[in-house]
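Read the numbers this way: they start at 1 and go in the same order the structure lists the ligands and their atoms. All values below were derived from every heavy atom in this structure, side-chain atoms included, with hydrogens, water molecules and symmetry-related copies excluded. For reference, positions follow the sequence shown, starting with 1.
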Amino acid sequence: MVKVNVDMASSFIRAVLPRLACRHLKIGNNCNGRYLYGCNKRWVSSGSDLVQVEQDDSDNEIVVLKMNVKPVNACTAEFNNAMTKLIKDLDADEQSKGLILTSTLPNVFSAGLQLTALHGKSYDEIKEYFSTFQTMAHTLFTSRLATVAAINGHAIAGGCVIALCCEYRVMAEGKFHNGLNEVIVGIPMPAWVSAYTVYALGTNTAEKVILSGKKHTPREALQVGLVDQVVPPDDLIQVSKNILSDLIKVGDYPRRLSKERLRKELLMFSL
Ligand SMILES: CCCCCCCCCCC/C=C/C(=O)SCCNC(=O)CCNC(=O)[C@H](O)C(C)(C)COP(=O)(O)OP(=O)(O)OC[C@H]1O[C@@H](n2cnc3c(N)ncnc32)[C@H](O)[C@@H]1OP(=O)(O)O
């Protein structure tokens with residue numbers, strides 16, 4: 001088990017993180033409002049407006065979730081909660097077999113945590129906010145569905161984490177970055193994010209990726225294993241669908257149980 005010094009963590013959250021985060025972005029407190037909602041599946045209801053849901057096939061087996069939090073898909077608490085609810089709803093629907101996660105924004109998959117949410121907030125509020133992100137990531141990581149991230153733009157820090165929660169990651173070619181820059185922003189990497197990264201990349205590469213805080217081009221992301229494939233932007237969704245179709249051809253029960261057994265050990269990690 002990982003030991004966490006709770007006192008150090010809480011004084012860090014209270015005193016340092018809000019200042020570091022806002023210095024990094026050169027911003028004040030400019031939280032955004034609400035966004036459009038698109039949902040055409042009767043059983044999917046996030047109770048929010050931040051994720052577009054598309055059925056991909058007549059059998060309802062494949063669902064495309066499009067993150068839709070302008071301008072950069074920063075993970076607001078409301079977005080995190082909406083995603084958690086959607087994934088749980090999909091998990092509970094036996095017809096659903098696979099999920100593609102992408103973004104409505106042309107150049108950004110996700111910019112990660114909403115750094116502005118940390119500004120001027122109390123310790124309890126910040127802790128609560130972090131926990132909405134962690135719950136969303138855990139829910140995606142352990143979803144019984146086959147999952148593919150179709151990374152159509154920058155995937156930074158928490159955005160990269162969201163993609164790492166998926167089983168397969170395809171990234172579009174382009175002037176985009178993908179990486180875990182937490183140490184640059186000033187956030188000590190939580191053990192659970194490290195564990196997910198080690199799971200996807202292997203220990204040695206994960207350590208290099210995390211401790212450098214480097215933002216990778218799509219080709220570099222492919223080399224270190226942050227993504228499994230790089231494709232022209234126009235092919236991104238079709239390639240993701242083809243991969244997902246192959247993934248869900250496997251018998252549902254053995255696949256689901258094996259995924260659960262592979263991934264559940266990692267849930268013991270928290271901070
Ligand atoms: C010890 C205890 C600690 C425990 C901590 C546990 C917490 C769990 C942590 C899990 C790990 C996750 C960590 C994070 O995600 S930290 C977030 C780091 N993210 C970034 O550094 C990304 C910053 N953004 C960018 O690099 C670029 O914006 C991007 C490449 C994504 C897009 O570039 P582009 O040029 O297209 O857009 P702009 O830069 O002009 O941005 C447009 C506006 O969006 C605002 N913005 C950008 N990123 C964020 C963000 N993450 N949160 C909030 N707002 C963001 C930006 O300021 C611009 O706003 P304005 O138009 O108003 O200026």
Side-chain angles (χ1 to χ4, degrees), residues 2-33 35 50 67 69-80 83 103-121 123-138 140-141 151-165 171-172 174-197 206 209-210 213-218 221 226 269-271:
V2 174
K3 278 195 186 161
V4 176
N5 182 330
V6 176
D7 286 343
M8 267 180 64
S10 42
S11 42
F12 179 83
I13 293 175
R14 233 187 303 255
V16 184
L17 198 49
R19 274 185 291 127
L20 282 172
C22 287
R23 191 187 313 154
H24 179 69
L25 272 180
K26 300 187 180 65
I27 43 168
N29 188 6
N30 64 346
C31 300
N32 283 317
Y35 301 96
L50 308 169
M67 299 179 278
V69 189
K70 294 180 184 73
V72 291
N73 281 331
C75 302
T76 63
E78 196 186 357
F79 165 82
N80 296 337
M83 279 281 288
S103 153
T104 58
L105 312 175
N107 297 314
V108 185
F109 179 76
S110 167
L113 290 185
Q114 186 197 19
L115 291 171
T116 43
L118 307 170
H119 185 72
K121 294 291 191 311
Y123 167 68
D124 284 342
E125 285 169 328
I126 292 175
K127 221 173 104 182
E128 171 56 28
Y129 167 62
F130 283 154
S131 79
T132 65
F133 180 79
Q134 185 170 351
T135 301
M136 183 260 286
H138 281 7
L140 180 59
F141 186 74
I151 307 168
N152 59 325
H154 300 289
I156 313 288
C160 179
V161 175
I162 293 174
L164 286 173
C165 289
M171 186 167 186
K175 292 187 177 169
F176 311 129
H177 284 118
N178 185 329
L180 296 166
N181 70 336
E182 279 80 349
V183 293
I184 307 286
V185 178
I187 296 178
M189 190 61 102
W192 67 268
V193 178
S194 297
Y196 284 15
T197 313
V209 166
I210 290 170
K214 180 175 169 170
K215 294 193 271 189
H216 304 80
T217 64
L226 282 170
F269 294 99
S270 59
L271 254 188

Quiz item: Short question: side chain of N107, backbone of H154 - any donor-acceptor pair under 3.5 Å?
Solution: no
Quiz item: If you round to the nearest 0.5 Å, how far is CD1 of I187 from CG of L115?
Solution: 6.5 Å
Exercise. Might you point out which heavy atoms bring A74 and V69 nearest each other, and give the distance in Å?
Key: O-CG1, 3.7 Å
Exercise. Of all the heavy-atom pairs spanning N73 and V108, show the shortest one and how long it is.
Key: ND2-O, 3.8 Å
Quiz item: Relative to atom 50 (C) of ligand 1, which among L180, V193, L113 owns the nearest non-hydrogen atom?
Solution: L113
Quiz item: Nearest to atom 48 (N) of ligand 1 by heavy atom, P188, A111, G213: which?
Solution: A111
Check each atom of ligand 1 against the heavy atoms of [X] and keep those under 4.0 Å away; list them by number with element.
{"X": "P71", "result": "43 (C), 44 (O)"}
{"X": "A157", "result": "13 (C), 14 (C), 15 (O), 16 (S), 17 (C), 18 (C)"}
{"X": "P190", "result": "6 (C), 8 (C), 9 (C)"}
{"X": "Q114", "result": "52 (N)"}
{"X": "G158", "result": "12 (C), 13 (C), 14 (C), 15 (O)"}
{"X": "G112", "result": "15 (O)"}

Have a look at ligand 1 and work out which part of [X], if any, has a heavy atom under 4.0 Å from it: side chain, backbone, both or neither.
{"X": "A74", "value": "side chain"}
{"X": "L115", "value": "both"}
{"X": "N181", "value": "side chain"}

Exercise. Return the set of residues passing side chain to side chain contact (heavy atoms under 4.5 Å, CB included) with T132 (not counting sequence neighbours), or none when no residue passes.
Key: A77, N80, N81, E128, Y129
Practice problem: Just jot down the ring-ring contact (aromatic ring centres under 6.0 Å, His included) partners of H216, sequence neighbours excluded, or say none. | Solution: none
Quiz item: Can I187 be said to touch ligand 1, with heavy atoms closer than 4.0 Å?
Solution: yes
Practice problem: Determine whether V161 and F133 make a side-chain contact, defined as any pair of heavy atoms from C-beta on separated by less than 4.5 Å. | Solution: yes
Quiz item: Any side-chain heavy-atom pair from F109 and M171 closer than 4.5 angstrom?
Solution: no
